[in-house]
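This report refers to the structure that appears directly beneath it.
Just so you know, ligand 1 is whichever comes first in the structure, and atom 1 is the first atom listed for that ligand.
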Amino acid sequence: MTKDIIIENTIEYVQSQLAGEGSGHDWWHIHRVYQLTKTIAEEEKADLYISSMAALLHDLADEKLNESEALGIEKVKNWLISQSVQEEDIDIIIEIISTISFKGGNGPSLSRLEAKIVQDADRLDAIGAIGIARCFTYGGYIGSVLHDPSISPRKSMTKKEYRDKSKSTTINHFYEKLLKLKDLMNTKTGKLMAEERHSFMECYLKQFYQEWEGK
Ligand code: NI
């Protein structure tokens, strides 16, 4: 199989796996991360095939979608074997998707350029206009309060606390995660793209508080 066909098959596979996903990790999130990844990979002169495959598969092993992360990784590995992906490429793709997840900022640091790019793309999709929309969609999905001025954003969190959103509000999620992402970008291209999305969120929050006070 050619690399183009493997990518096309993987697009179809991921679409079928994520049908009906409501937590913000649906197919269209993958589509946007895939597009962002291609844009950044071209700028940064990275391996387009490895970057694309990792972008398409980056959320499939998530523990939210599987009984455990290990079983999720197994599922992705079996898919790559079924597509006759070369063994060393399988190892690289699996290494990338198992290390890029955010998890409260406690993840390992990345060495491979393609991993840095997919992580940047995933983080870019969490900020800006789309990030705001996703943030409120997810807040509704888990039943978070929209905003409560008496609840302050949490300063530092363990992985478990980060997953437990019930103790915070949707607006606090901007301070606990989204506004931190700009400074966590790995690549020069990612940093540039994050700047614009970041200032859009700051602008949005400013307007939100004005309206909250009846102005
Ligand atoms: Ni993602």
Proximal heteroatom of Asp59 relative to the Ni ion (ligand 1) (N/O/S)
OD2
Looking at His58, pick out the N, O or S atom nearest to the Ni ion (ligand 1) and give its name.
NE2
May I ask you to check if Lys206 and Tyr204 form a cation-pi contact, with NZ or CZ under 6.0 angstrom from the six-membered ring centre and within 45° of the axis?
no
Check Thr170 against Gly139 and note the closest heavy-atom contact, atom names and distance.
OG1-CA, 3.7 Å
Atom name in Asp122, limited to N/O/S, at shortest distance from the Ni ion (ligand 1):
OD1
Between Ser51 and Glu114, is the side-chain hydrogen bond (donor to acceptor under 3.5 Å, both in side chains) condition met? List the steps.
CA-CA 5 Å; Ser51 307; Glu114 288 74 17; 4.7 Å; no
Considering all heavy atoms, the nearest Glu44-Leu113 contact
O-CD2, 3.7 Å
